[in-house]
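Step one of this worksheet: look at the structure below.
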Amino acid sequence: MTISFGCQGSTWVLDYDVEADMLDKIMDDIKNGGFTGLDMQVALLGKYQNEPEHLKEELDKRDLQLAALTLPFSFDGGKESPSERERADYYINYLKHFPGAILNVPSRVGPNRDHLLQRQKEIIKGANELGKRAYENGITTSFHPISYKTSYFRFADDYKILLEGLDPKYMGYTPDVGHITFGGMDAVEIFKEYLPLIKHVHFKDASTNCEWKKMGEGDIDFAGCVQVLKDGDYNGWIMVEEETPEAQLNTTEVIAEIGKYVRKNLYPILNGEVLQ
């Protein structure tokens, strides 16, 4: 059983669609923060967009691994649009250069929650079909629900529909503890209930009144989540991120502070130590 910690790109650029050529800085920040991997939205690949071999060289120089690429989908009508499918196929092939790296799949947020069950069923159908195609190409996929006000998977009932609808052979689950909390749920309980589906994990702190916090200053039981994963023999990545206003202004310092928190409070759990 191996659990490793890395960073997700949203701490540097929050919007999945905003393109930036800053991956060298991101990799340096991650390395300096004491982390070993990265999960990047594809918009942040920058000059490495068409050069996976070059990215691998730069990662190797820093003793880092590409853990995941994050690629959002709408799945309108229950399937990928032509452009979504083209992008998905490109990044499925891109990931073949990085053994063990997964495709992390957030669902895009709609304008409202009208026709909710229909949209949920469409998204699940599209996700399962994407997952099957990726599986046939040797790539693991994992679905990442986002619990904003107009999200299609926000509350416990939504999660039940989603996580009972995903085909576990082809599509895993990426719990994001911040979004779980925003949806009025307890992250530890969600981890316990859906542990067999978990293929990837996102950690960021939040309060129960839906405010983003610095890690350790919110209401999320990170230690409890790590303990569930450890006890359940989870073998994968925990990706940390932060969505406070400070995060994108002082990202280097924010990542360093999160690294200190992880080393002090979470690594001891993996080593079998009991925290007081």
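Values reported hereafter were calculated over all heavy atoms of this structure, with side chains retained and with hydrogens, waters and symmetry mates removed.
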[Y] reachable from [X] in the ILVMFWY side-chain graph, under 4.5 Å edges:
X	Y	value
Tyr135	Ile124	no
Met239	Leu197	no
Phe182	Phe153	no
Ile92	Tyr90	yes
Leu229	Met185	yes

Any chance the side chains of Lys199 and Thr141 put a donor and an acceptor closer than 3.5 Å?
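Judged by distance alone, the side chains do not pair up.
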Distance alone, cut at 3.5 Å: any donor-acceptor contact between the side chains of Thr244 and Glu246?
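No, no side-chain donor-acceptor contact under 3.5 Å.
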Side-chain heavy-atom pair [X], [Y] within 4.5 angstrom cut-off:
X	Y	result
Arg133	Arg85	yes
Tyr16	Ile146	yes
Ile102	Leu95	no
Phe203	Cys225	yes
Asn265	Phe222	no
Tyr152	Leu162	no
Tyr234	Val201	yes
Val226	Leu270	yes

Rounded to the nearest 0.5 Å, what's the gap from [atom1] on [X] to [atom2] on [Y]? Could you check?
X	Y	atom1	atom2	result
Asp39	Trp237	CG	CH2	10.0 Å
Glu193	Ile198	CD	CD1	10.5 Å
Glu242	Ile258	CD	CD1	4.5 Å
Arg113	Gln120	CZ	CD	6.5 Å
Ser10	Asp15	OG	CG	10.5 Å
Lys31	Asp63	NZ	CG	4.5 Å

Taking 4.0 angstrom as the limit, do [X] and [Y] come out as a salt bridge?
X	Y	answer
Lys132	Glu129	no
Glu122	Lys125	no
Lys192	Asp231	no
Lys47	Asp24	yes
Glu53	Lys56	no

Please check: side-chain N/O of [X] versus main-chain N/O of [Y], any donor-acceptor pairing under 3.5 Å?
X	Y	answer
Asp158	Phe155	yes
Ser142	Thr174	yes
Ser151	Arg154	no
Gln41	Val13	yes
Asp205	Gly218	yes

Please walk me through it: do Leu69 and Leu45 pass side-chain contact (heavy atoms from CB on, under 4.5 Å)?
CA-CA 9 Å; Leu69 290 178; Leu45 286 173; 4.1 Å; yes
Test of understanding: with salt bridge (charged side-chain N to carboxylate O under 4.0 Å, His left out), list the residues that count as partners of Lys96, not counting sequence neighbours.
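With sequence neighbours excluded, Lys96 shows a salt bridge (charged side-chain N to carboxylate O under 4.0 Å, His left out) to no residue whatsoever.
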Would you call the rings of His144 and His202 parallel, tilted or perpendicular if under 30° counts as parallel and over 60° as perpendicular?
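Because their plane-to-plane angle is over 60°, the rings of His144 and His202 count as perpendicular.
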Using 30° and 60° as the class boundaries, would you call the ring planes of Tyr94 and Phe98 parallel, tilted or perpendicular?
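Because their plane-to-plane angle is under 30°, the rings of Tyr94 and Phe98 count as parallel.
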Under the side-chain contact (heavy atoms from CB on, under 4.5 Å) rule, what do Ile190 and Tyr173 come out as? Steps first, then yes or no, please.
CA-CA 11 Å; Ile190 292 292; Tyr173 166 45; 3.5 Å; yes
Could you report the tightest heavy-atom contact between [X] and [Y], atom names first, then the distance?
X	Y	value
Ala127	Phe143	CB-CD1, 3.9 Å
Ala88	Leu130	CB-CD1, 3.9 Å
Ile123	Phe75	O-CD1, 3.7 Å
His179	Pro145	CB-O, 4.2 Å
Asn235	Thr2	OD1-O, 3.0 Å
Ile139	Ala101	CG2-O, 4.4 Å

Using the rule given for side-chain contact (heavy atoms from CB on, under 4.5 Å), can you reason through Gln227 versus Val188, listing the C-alpha separation, both sets of side-chain angles and the distance that settles it, and then say yes or no?
CA-CA 9 Å; Gln227 191 67 58; Val188 173; over 6 Å; no
Is it true that atom [atom1] of [X] has more than 12 heavy atoms of other residues, nucleotides or ligands lying nearer than 6.0 Å?
X	atom1	value
Lys79	NZ	no
Glu253	CD	yes
His115	NE2	no

Going by the rule side chain to side chain donor-acceptor pair (under 3.5 Å), which residues pair with Thr36 if we only count those two or more places apart in sequence or in a different chain?
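Listed in chain order: nothing, the list is empty.
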Full working for salt bridge (charged side-chain N to carboxylate O under 4.0 Å, His left out) between Glu84 and Arg87:
CA-CA 5 Å; Glu84 284 181 330; Arg87 293 183 83 210; over 6 Å; no
Might you work through the salt bridge (charged side-chain N to carboxylate O under 4.0 Å, His left out) test for Glu58 and Arg62, ending with a clear yes or no?
CA-CA 7 Å; Glu58 293 301 317; Arg62 299 169 173 86; 3.1 Å; yes
Given Leu38 and Leu23, is the side-chain contact (heavy atoms from CB on, under 4.5 Å) satisfied, shown in steps?
CA-CA 10 Å; Leu38 53 153; Leu23 194 48; 4.0 Å; yes
Among Asp21, Asp29, Asp28, exactly one meets side chain to side chain donor-acceptor pair (under 3.5 Å) together with Lys25. Which residue is that?
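Answer to the side chain to side chain donor-acceptor pair (under 3.5 Å) test with Lys25 among Asp21, Asp29, Asp28: Asp29.
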